[in-house]
2 protein chains.
Amino acid sequence: MANGSSRATTLTDVARLAGVSVATASKALNGRAGVRTETRERVVDVAKRLAFQPNALAKSLLAGRTGTVGLLTSDMEGRFSLPIMMGVEDAFGAARTSVFLCDARGDSIREQHHVDALLSRRVDGLIVVGSRTEPRPSLGRGLPVPVVYVYSPSDHPDDMSLVIDNVAGASLAIQHLVTGGRKRIAHIAGDPGYQATHDRARGAEAALDAAGLSLACGRIHYGSWTEAWGRGATRMLLADEPAVDAIFCGSDQIARGCLEVLRDQGREIPDDVAVIGFDNWEVLTVNARPELTSVDMRLEELGRRAAQRLYEAIDERMTPGVEMLHCQIVQRGSTIPLN
Amino acid sequence: MANGSSRATTLTDVARLAGVSVATASKALNGRAGVRTETRERVVDVAKRLAFQPNALAKSLLAGRTGTVGLLTSDMEGRFSLPIMMGVEDAFGAARTSVFLCDARGDSIREQHHVDALLSRRVDGLIVVGSRTEPRPSLGRGLPVPVVYVYSPSDHPDDMSLVIDNVAGASLAIQHLVTGGRKRIAHIAGDPGYQATHDRARGAEAALDAAGLSLACGRIHYGSWTEAWGRGATRMLLADEPAVDAIFCGSDQIARGCLEVLRDQGREIPDDVAVIGFDNWEVLTVNARPELTSVDMRLEELGRRAAQRLYEAIDERMTPGVEMLHCQIVQRGSTIPLN
DNA sequence: TAGCGATGCGAAACCCTTTTCGATACTTTC
DNA sequence: GAAAGTATCGAAAAGGGTTTCGCATCGCTA
């Protein structure tokens with residue numbers, strides 16, 4: 001019984017037991033008109049008794065729609081893809097749409113293979129989730145279903161893409177520090193091999209400029225996305241510019257390293273120096289000492305929006321181009337005071 | 001073109017263009033016998049030209065198998081579910097099976113709804129991933145497809161479950177410390193509300209016993225899965241038993257807090273005190289100072305095994321009961337020396 | 001009582017593919 | 001030249017559901 005030995009009950013079974021034709025049974029179960037109430041109840045009763053579940057395959061075959069979408073990710077380890085996937089799953093789950101999960105592991109051959117498999121399963125649409133903000137190759141314009149690119153935009157302008165506004169997010173971080181009264185603000189950036197690094201740097205500079213301030217230490221420090229770099233950069237920073245009163249870090253990992261060195265060197269946080277991170281990765285921010293203020297990219301919301309956009313596109317209401325979602329500050333203990 | 005306006009090409013289209021019947025076209029494309037080579041080539045050519053993808057729905061409807069499985073998780077945030085899901089996806093991807101992703105968010109109503117949806121889509125099997133080691137309610141024994149429970153076993157002995165051996169994992173950690181010459185070993189445990197906490201504590205005590213040692217400080221410290229608890233517990237530990245030379249922490253987060261306090265108090269790691277964590281959560285272990293040795297639960301392998309077991313069950317080769325997977329040590333800088 | 005519309009139900013077509021089996025046409029053998 | 005055998009192909013059914021359309025049956029009116 002637990003392994004497919006017993007054929008699943010079909011509409012024919014229900015109809016036979018209810019003493020009606022399959023046509024009538026179908027109408028009865030789907031609330032269609034033209035069925036006497038008494039007959040309808042009899043059919044519904046039998047269906048419930050047999051635990052009848054209509055075969056979605058047969059239904060889809062006829063309807064031309066499957067109520068499924070493909071979720072194509074390039075790396076499931078990435079802490080960016082996952083919240084996005086959660087948002088997508090959440091939005092579709094509510095809409096009775098099932099999600100096919102595929103991980104291409106950054107391999108374009110494997111990706112193509114997955115796309116083929118999904119199309120042969122007649123998904124109603126595709127969502128492609130990237131893990132870097134650099135544009136990625138389009139899946140192509142000839143696909144029979146709509147595609148939404150998330151986090152990594154497509155390199156084709158006619159595709160639909162949904163991305164984070166890193167520039168504005170970084171500006172937000174700086175504004176938060178400025179509002180807190182900080183004057184000597186430094187920026188420890190991440191890996192210069194990433195577009196996101198430069199976007200955040202640009203946003204930070206623009207906001208400083210707008211506030212009439214300039215970078216403490218005169219320059220941005222580029223490195224990597226690690227705590228070790230956060231530690232090293234902070235040491236350099238404190239040597240160069242001991243009067244620094246706020247540090248905007250390109251990621252929470254960097255910020256954790258930064259916090260550690262500041263404490264080692266006897267600086268009070270946030271009184272002497274405020275620190276703000278980026279990503280709002282809870283395991284890092286909440287466990288920090290003090291807890292770390294950070295820029296949240298609202299990735300789950302991004303995923304939900306992607307699902308919504310895909311739905312619109314499935315209903316023939318395409319809106320091509322790149323849409324940006326803005327970040328928000330999540331304030332914690334590492335930034336507040338300074339009287 | 002990019003939004004389903006053009007009906008996907010069907011086998012009928014191919015057959016018509018190739019000037020043969022659908023039967024012949026099918027045989028030609030599937031390598032069946034009884035088709036002249038020249039005809040076969042013509043059909044294959046046309047199919048390629050039209051980018052024909054056979055409709056998997058129709059095929060499944062006929063075959064009685066869909067080549068899909070449902071992956072039911074209770075929380076996608078959990079750092080345990082994700083590597084398991086990766087392993088599952090990996091194993092099935094290679095087998096041309098597609099995975100439906102469903103997140104019940106710990107809600108049993110939502111879970112039931114997802115199960116119904118998956119069954120109506122005629123999945124060939126289900127994998128249920130939990131996030132705690134406590135047994136979870138069985139989905140029931142009357143399902144038409146096999147089910148494999150992963151990480152959280154089912155509470156019904158006839159179901160198939162695949163879990164981590166936390167007891168053995170903790171023993172491994174202690175053995176690693178003992179082998180390194182440590183004599184005064186303490187254990188900072190996690191949240192006592194978790195079964196895993198007690199399993200690990202039991203494994204640690206057993207291994208100490210086997211090595212003829214007893215717990216430094218005489219007792220296990222229970223708390224929570226946070227860095228803050230790691231810090232607090234370590235301070236207590238050092239006050240009670242300054243001569244401690246190794247600490248086994250119930251999680252990597254606890255270990256991070258532990259490392260921090262040890263360094264604050266001037267202990268050299270690993271020379272004075274060795275520290276070992278549990279989970280091998282890379283963002284925590286690799287970024288630690290020094291890098292943290294940890295017990296790896298091999299979750300991805302667990303996921304792969306689950307996929308494999310499900311396949312066997314689909315082919316009617318069920319093996320009910322709970323199977324345990326053993327952990328392994330990943331050694332890093334926090335444990336090695338002591339001459 | 002014949003005629004009418006409304007109502008309830010069932011036969012059949014359709015979605016797309018695979019598979020079986022029967023029908024050709026062609027070759028070989030006696 | 002007829003019978004037997006082989007190679008190639010197509011018609012049709014099956015899988016499970018939805019929808020259209022035609023057919024009864026019923027109550028009602030003239």
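Naming convention: chains lettered A, B, ... in sequence-line order (proteins, then strands); numbering from 1 in each chain. Remember, predicted model here, so these are calculated numbers, not experimental data.
Salt bridge annotation for B:R16-B:D13: present, with a cationic side-chain nitrogen under 4.0 angstrom from a carboxylate oxygen. At a threshold of 4.0 Å, the pair A:R65-A:D315 counts as salt-bridged, since one of the basic side-chain nitrogens sits closer than that to a carboxylate oxygen.
When the nearest nucleotides of DNA chain D are assigned to B:V20 and A:Q53 by heavy-atom distance, the more 5′-ward of the two goes with B:V20. Between A:T12 and B:A23, the residue anchored nearer the 5' end of DNA chain D, judged by the nucleotide with its closest heavy atom, is B:A23. Nearer the 5' end of DNA chain C, as judged by each residue's closest nucleotide, is the contact made by B:A58, out of B:R32 and B:A58.
Chain A approaches DNA chain C within less than 4.0 angstrom (heavy atoms of the protein), and the contacting nucleotides run 5' to 3' from C:dG8 to C:dC16.
At D:dG15, none of the side-chain N or O atoms of A:T10 fall inside 4.0 Å of OP1 or OP2 (strictly under the cut-off). At D:dA7, none of the side-chain N or O atoms of B:R36 fall inside 4.0 Å of OP1 or OP2 (strictly under the cut-off). For the OP1/OP2 pair of D:dC9 and a distance below 4.0 Å, the side-chain nitrogens and oxygens of B:T24 include no atom meeting the criterion.
Atoms CG (A:L11) and P (D:dT19) sit 12 Å apart, rounded to a whole Å. In this structure, A:L62 atom CG and D:dT20 atom P are separated by 10 Å, rounded to whole Å. Rounded to whole Å, atom P of D:dG17 lies 9 Å from atom CG of B:L61. Spacing between atom CG of A:L29 and atom C1' of D:dG16 amounts to 13 Å, rounded to whole angstrom units. Taking atom CG of B:N55 as the reference point, atom C1' of D:dG15 lies 13 Å away to the nearest angstrom. Residue B:R42 contributes atom CZ, which lies 11 Å from atom C1' of D:dC9 at whole-angstrom precision.
Between B:F100 and A:F100, the angle of the ring planes stays under 30°, which puts this pair in the parallel group of the 30/60° scheme.
In this structure, B:T133 and B:I164 have side chains that are not in contact, with every pair of non-hydrogen atoms separated by 4.5 Å or more. With contacts defined as side-chain heavy-atom distances shorter than 4.5 Å, the pair B:D103/A:D90 does not qualify.
A donor-acceptor pair shorter than 3.5 Å cannot be found between the side chains of B:S60 and B:R122. Checking B:S98 against A:R121 by side-chain atom types alone, a donor-acceptor pair falls below 3.5 Å.
Residue B:K27 places a side-chain atom within donor-acceptor reach of the base of D:dG10, judged by atom type and a 3.5 Å distance cut-off alone.
Residue contacts shown for B:T39 are limited to sugar-phosphate atoms, with no base heavy atom under 4.0 Å away.
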